[in-house]
Amino acid sequence: DWGMSWDDKIVACQLLLFEATQEDKYKDAVLGTFTSWFPGGDISYTPQGLAWRLQWAPLRYASNMAMMALFAAKDGLMPEEYRHWAMCQIHYSLGDTGFSYVVGWQPDGVSGFPHRAHHRGASCPVPPAPCGP
């Protein structure tokens, strides 16, 4: 499975089918997806641990798959391993590596965050200043 994205919901469907039927074929499909996504699988990782699916907005893929890992863990599929991996991916984006990738989010000890993100809405001035023409 390529990964959870705007145009690929296969892992979510497999997980829902497993929840509904408890059939091994759906469980095995979900487990196979995460075998591919976990270190040692098909997905590359940055030196600091982000699952790197594609150069264009890689955090969306890692975050979406982290959400799927948490759902799978809730369903009893490798709960400790999946929760740990999911939290590592989310903590990366929130700043555990020293830089928060969430616009406006800068917890203590984090050196910075994006100020001019790609999408226009993230580039607006601080309210109450208007955003737009």
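This one's a predicted model, so the numbers in the text were calculated from it and none came from an experiment.
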## Note on the structure
From the list Lys27, Glu23, Lys25, side-chain contact (heavy atoms from CB on, under 4.5 Å) with Phe18 holds only for Lys27

Taking the side chain as C-beta and beyond, is there a heavy-atom pair between [X] and [Y] under 4.5 Å?
X: Ile10; Y: Gln14; answer: yes
X: Met67; Y: Ser63; answer: no
X: Phe34; Y: Leu77; answer: no

Could you state the interatomic distance from [atom1] ([X]) to [atom2] ([Y]), rounded to the nearest 0.5 Å?
X: Thr35; Y: Ile43; atom1: OG1; atom2: CD1; result: 12.0 Å
X: Asp42; Y: Arg53; atom1: CG; atom2: CZ; result: 7.5 Å
X: Ile90; Y: Trp85; atom1: CD1; atom2: CH2; result: 8.5 Å
X: Leu15; Y: Lys9; atom1: CG; atom2: NZ; result: 14.5 Å

### Query
Would you find a donor on one side and an acceptor on the other, under 3.5 Å apart, between the side chain of Asn64 and the backbone of Arg60?
yes

### Query
Between the main-chain N or O of Gly32 and the side-chain N or O of Ser36, is there a donor-acceptor pair closer than 3.5 Å?
no

Give the minimum heavy-atom separation between [X] and [Y], together with the two atoms involved.
X: Ala62; Y: Ala51; value: CB-O, 3.8 Å
X: Leu59; Y: Ser93; value: CD2-CB, 3.7 Å
X: Met68; Y: Val11; value: CG-CG1, 3.7 Å

#### Entry: Pair Trp52 + Tyr45: ring centers closer than 6.0 Å
no

#### Entry: Those residues that, when tested against Met78, pass side-chain contact (heavy atoms from CB on, under 4.5 Å) (two or more places apart)
Leu31, Glu81, Tyr82

### Query
How about His91: does its NE2 atom have over 12 heavy atoms from other parts shown lying under 6.0 Å from it?
yes

### Query
So does Phe38 have more than 12 non-hydrogen atoms from other groups sitting under 6.0 Å from CZ?
yes

### same_hphob_cluster(Leu16, Met65) at 4.5 Å side-chain heavy-atom cutoff
no

### Task
Say whether Phe71 and Met4 are linked into one hydrophobic cluster, either directly or through other cluster members, by side-chain heavy-atom distances under 4.5 angstrom.
yes

### Partner residues of Tyr61 under the ring pair (Phe, Tyr, Trp, His ring centres under 6.0 Å) criterion, sequence neighbours left out
Trp2

